[in-house]
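By convention in this document, chain letters (A, B, ...) are assigned in the order of the sequence lines, proteins followed by strands, and residues within each chain are numbered from 1.
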Amino acid sequence: GAVVSQHPSWVICKSGTSVKIECRSLDFQATTMFWYRQFPKQSLMLMATSNEGSKATYEQGVEKDKFLINHASLTLSTLTVTSAHPEDSSFYICSASTTATPDQPQHFGDGTRLSIL
Amino acid sequence: AQSVAQPEDQVNVAEGNPLTVKCTYSVSGNPYLFWYVQYPNRGLQFLLKYITGDNLVKGSYGFEAEFNKSQTSFHLKKPSALVSDSALYFCAVRDWNAGNMLTFGGGTRLMVKP
């Protein structure tokens with residue numbers, strides 16, 4: 001149980017294009033979803049927290065106009081990287097929580113490797 | 001504020017030997033502690049957690065971790081390492097009073113050699 005599907009797993013696109021990444025909870029309802037960015041050989045950096053039906057909360061230093069997050073349902077959150085540039089190339093990972101109680105683990109998607117040419 | 005430290009970037013161990021991956025934490029209240037494993041180009045897989053109760057927690061794939069409140073540590077252990085255990089391991093903490101946000105350590109790469 002508690003499977004999170006992230007799509008696509010790999011994206012290569014030209015500079016200036018926008019890229020949408022989907023994160024779906026397949027067998028549970030995710031009240032909260034998280035978006036992380038991971039640089040090579042580094043830890044996860046939390047970008048934003050999204051709760052279903054409300055605006056995402058962005059971490060300091062993360063451009064909300066650059067990284068658009070939508071959490072329209074209890075099973076789907078999307079991250080759109082707008083006007084992507086090579087410096088946006090990274091590994092993006094989403095996770096989801098089943099409840100609002102912090103004793104439950106987050107469940108992670110398999111990540112999306114974004115390469116901007 | 002909450003923080004996690006994994007003092008070793010890499011741990012090398014021979015197959016069949018016991019392994020330990022170290023983690024220390026800092027929270028203002030009571031901690032929820034988690035270990036995750038990451039294989040190349042994959043997301044994180046949950047291994048085990050400490051919430052309350054017994055200080056020794058058993059998790060997936062034969063891993064266990066010991067919560068030590070006085071040393072604010074939560075080291076990951078396994079009695080006998082497998083080559084397939086080679087991966088990146090993350091310790092994470094969540095303060096009881098800080099909502100759902102997890103804070104991750106920097107990660108430790110475990111290399112198990114045959």
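- Close placement of the A:F108 and B:Y36 rings is indicated, their centers lying within 6.0 Å of each other.
- Hydrophobic cluster membership differs between A:I93 and A:F67, with clusters built from Ile, Leu, Val, Met, Phe, Trp and Tyr side chains linked at under 4.5 angstrom.
- Of the two parts of A:Q38, only the side chain, counted from C-beta on, holds a non-hydrogen atom closer than 4.5 Å to a non-hydrogen atom of chain B.
- Among the candidates B:Y50, B:F90, B:Y39, the residue making the largest number of heavy-atom pairs closer than 4.5 Å to chain A is B:F90.
- Heavy atoms of B:N41 lying under 4.5 Å from chain A belong to its backbone as well as its side chain.
- No single ILVMFWY cluster, assembled from side-chain heavy atoms under 4.5 Å apart, contains both B:V4 and B:F34.
- No path of Ile, Leu, Val, Met, Phe, Trp and Tyr side chains, each step under 4.5 Å between heavy atoms, connects A:I69 with A:F34, placing them in separate hydrophobic clusters.
- Under the 3.5 Å distance criterion, the side-chain polar atoms of A:S43 are left unmatched by any main-chain donor or acceptor of B:G107.
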Can you list the steps and then say if A:Q106 with B:R94 is a side-chain contact (heavy atoms from CB on, under 4.5 Å)? CA-CA 11 Å; A:Q106 291 179 17; B:R94 183 188 285 153; 3.4 Å; yes
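- Note on B:V11 and B:L76: same hydrophobic cluster, where clusters join Ile, Leu, Val, Met, Phe, Trp and Tyr whose side-chain heavy atoms are under 4.5 Å apart, directly or indirectly.
- Atoms CD and CG, from B:Q38 and A:D110 in turn, are 9.5 Å apart once rounded to the nearest 0.5 Å.
- Within 6.0 Å of NZ on A:K64 lie no more than 12 heavy atoms contributed by other residues, nucleotides or ligands.
- The number of heavy-atom neighbours closer than 6.0 Å to NE2 of A:H85, taken from other residues, nucleotides and ligands shown, is above 12.
- More than 12 heavy-atom neighbours from other residues, nucleotides or ligands sit within 6.0 angstrom of CZ on A:R113.
- Each of B:L102, B:L44, B:T103 was evaluated against A:L44; a single residue qualifies, B:L44, per the side-chain contact (heavy atoms from CB on, under 4.5 Å) test.
- With a threshold of 4.5 angstrom between heavy atoms, B:L33 does not approach chain A through any atom at all.
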